[in-house]
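Residue numbers start from 1 in every chain, and the chains themselves are labelled A, B, ... in the order their sequence lines are given, proteins ahead of strands.
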Protein chains: 2
Amino acid sequence: MPSPLESSAATTAHANGGGAAGRLPPDVVPVALSVDLVLLTVREEQLQVLLVRRGIEPYRDRWALPGGFVRPGEDLAEAAVRELAEETGLRHPPAHLEQLATYGAPDRDPRGRVVTVAFLALAPQSRTPIAGTDAAASRWEPVSTAGGGSGLAFDHAAILADGLERARAKIEYSAVATAFCEGEFTVAELRRIYELVWSSRLDPRNFHRKVTGTADFLVPTGRFTTRDGGRPAELYRRGDATVLHPAMLRPVPRLP
Amino acid sequence: MPSPLESSAATTAHANGGGAAGRLPPDVVPVALSVDLVLLTVREEQLQVLLVRRGIEPYRDRWALPGGFVRPGEDLAEAAVRELAEETGLRHPPAHLEQLATYGAPDRDPRGRVVTVAFLALAPQSRTPIAGTDAAASRWEPVSTAGGGSGLAFDHAAILADGLERARAKIEYSAVATAFCEGEFTVAELRRIYELVWSSRLDPRNFHRKVTGTADFLVPTGRFTTRDGGRPAELYRRGDATVLHPAMLRPVPRLP
DNA sequence: CCGGTTTATCGTCATGTCGACGATAAAGAG
DNA sequence: CTCTTTATCGTCGACATGACGATAAACCGG
């Protein structure tokens with residue numbers, strides 16, 4: 001039995017006459033286009049990814065990355081933002097959203113030719129309350145356990161792995177790590193982000209020198225907090241810098 | 001008049017009954033999926049991009065990036081390699097091919113919803129003879145003149161710009177610049193690649209120190225050539241290294 | 001109130017890389 | 001043979017980095 005999308009290809013051929021705009025060739029294969037999201041946050045001292053439980057076949061009751069089909073007239077990033085809002089109850093757009101890659105292996109979806117554009121999103125914990133759908137249908141999962149057993153639907157384990165690698169590489173040479181932080185944060189909290197994303201330990205003194213020495217990375221507020229214990233730490237806000245130059249290189253990963 | 005792909009959406013709904021694999025929701029919009037290629041090479045002391053002249057509407061007789069529609073059962077990278085072979089007469093696959101990004105603005109193609117996955121390809125000059133189609137239908141164009149006037153079809157000027165930025169960034173921290181070189185080449189020839197891609201001048205002595213000092217970047221052959229004039233230069237071959245660490249940072253661009 | 005603990009922040013020092021540039025080597029051109 | 005061109009090796013100062021000492025400023029338990 002041909003898949004619905006393939007069978008509809010024949011109807012494509014004669015649906016439209018010529019004209020200045022031209023028409024699509026008759027043998028173009030229609031595909032279904034979806035977006036999937038690797039939404040990462042730092043919660044409970046761990047890097048976690050948002051997963052949803054599938055309610056329908058295929059892969060019913062399996063965990064998957066949040067996503068859905070692109071609607072007519074909708075741009076790709078627009079669809080990603082909409083899915084994010086629908087599946088997480090997110091009011092604000094995520095602090096960072098970028099296209100990751102497109103996955104189009106012919107057999108990646110048993111329903112037919114479905115090509116998905118994956119996006120990487122980073123958000124602070126508090127802005128992602130998962131209040132959208134019922135609690136059982138979506139949850140945060142530590143990345144250390146999410147991809148390994150490959151219990152994920154479709155090729156989502158591979159997409160997650162690519163998203164993680166992108167995030168780990170990107171905080172080296174860009175300032176996106178602050179996307180994990182709330183409005184005001186300390187240097188130590190930012191350092192914890194790096195440590196959890198990289199699974200490695202960083203020297204507090206060298207880290208402090210690096211981030212405070214990079215122009216426009218952090219904006220000091222002049223206020224202090226003791227919420228992390230010890231001597232009061234100054235609070236900072238995200239700066240305008242987008243790139244880190246020189247980069248902050250990650251050490252060889254050692255699991256704690 | 002609805003576009004052919006949109007009108008075919010209705011036929012999608014009832015084409016397939018249930019089953020373990022599930023079926024696509026009835027309101028999924030079918031899209032046409034294409035691949036487009038930013039194929040770069042260094043020719044005539046310039047960084048050049050391969051363009052093809054469109055023979056059909058829309059944008060008939062305008063220059064465009066080579067590309068075409070993905071066929072059934074074909075993976076994305078597979079389609080890119082096939083299009084490359086068809087439109088350039090290339091026997092070998094390109095020395096470097098990577099996915100660039102996906103472009104899916106709803107109105108990017110007047111014929112309907114066409115989403116394109118762009119690829120970046122780098123190749124040495126001699127391996128790309130453009131013997132495939134007739135000579136008038138495709139040509140090499142210096143990148144300095146290709147994107148500026150934006151005479152390119154569709155959103156190809158933006159795709160080209162993204163591809164150029166990707167190539168310029170990538171040779172900083174990876175070893176892909178050797179993809180522009182033939183089997184055996186001198187350090188000066190590789191340096192010329194960097195200079196032309198970056199539009200800047202590099203110090204021959206520091207460049208030599210950097211590339212010969214990076215492990216597995218270049219493999220010395222022990223043979224020499226004088227084809228560049230002056231003192232004989234040693235010939236090297238591509239090494240196994242894929243990343244450059246630390247990166248070779250590009251200076252601020254100054255046009256010669 | 002006081003010493004111990006915790007965390008923040010500042011400094012120091014050796015090392016490595018980089019940019020600028022001098023010096024020498026080895027070919028061809030005239 | 002000398003001049004020009006290019007290749008390759010060295011040197012030097014500026015700067016970023018990793019390792020780590022030292023001090024500051026809160027808290028806690030007594």
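- Of the residues in residues 207-215 of chain B, those lying under 4.0 Å from DNA chain C by heavy-atom distance are R209(B), K210(B).
- Here chain B contacts DNA chain D (any atom closer than 4.0 Å to a heavy atom, that is under 4.0 Å), and the contacts span dT5(D) to dT11(D) from 5' to 3'.
- Contacts of E45(B) classified as salt bridge (Lys or Arg N to Asp or Glu O under 4.0 Å), with partners at least two apart in sequence or in another chain: R192(B).
- Using cut-offs of 30° and 60° on the angle between ring planes, the pair Y194(A) and W198(A) is perpendicular.
- The side chain to side chain contact (heavy atoms under 4.5 Å, CB included) test applied to P142(A) returns Q46(A), Q48(A), S144(A), T145(A), not counting sequence neighbours.
- Each end of the helix from dC1(C)-dG30(D) to dG30(C)-dC1(D) gets its own axis, taken as the rotation carrying the C1' atoms of four end pairs onto the next four within a five-pair window, and the two axes meet at 0° to the nearest 10 degrees.
- In this structure R209(A) satisfies the salt bridge (Lys or Arg N to Asp or Glu O under 4.0 Å) test with no other residue, sequence neighbours excluded.
- Applying the salt bridge (Lys or Arg N to Asp or Glu O under 4.0 Å) rule to R238(A) yields no partners; only residues at least two apart in sequence or on another chain are considered.
- Evaluation of the ring-ring contact (aromatic ring centres under 6.0 Å, His included) test over residues 217-243 of chain B, restricted to residues two or more places apart or in two chains, returns none.
- Nearest to the side-chain atoms of P246(B) among the listed nucleotides dT17(C), dG11(C), dA20(C) stands dT17(C).
- Pairs of residues two or more places apart, or lying in two chains, that qualify as side chain to side chain donor-acceptor pair (under 3.5 Å) and include a residue from residues 158-168 of chain B are E98(B)-R166(B), Y103(B)-D162(B), E165(B)-R250(B).
- Under the salt bridge (Lys or Arg N to Asp or Glu O under 4.0 Å) criterion, D216(B) pairs with no residue, sequence neighbours left out.
- DNA chain C is contacted by D228(A), G229(A), G230(A), R231(A), P232(A), A233(A), E234(A) of residues 226-245 of chain A, taking any non-hydrogen atom closer than 4.0 Å.
- Put simply, CG on D155(B) and OG1 on T116(B) are 8.0 Å apart, with the number rounded to the nearest 0.5 Å.
- Looking at residues 175-192 of chain B, you'll see A188(B), R191(B) sit with a heavy atom under 4.0 Å from some atom of DNA chain D.
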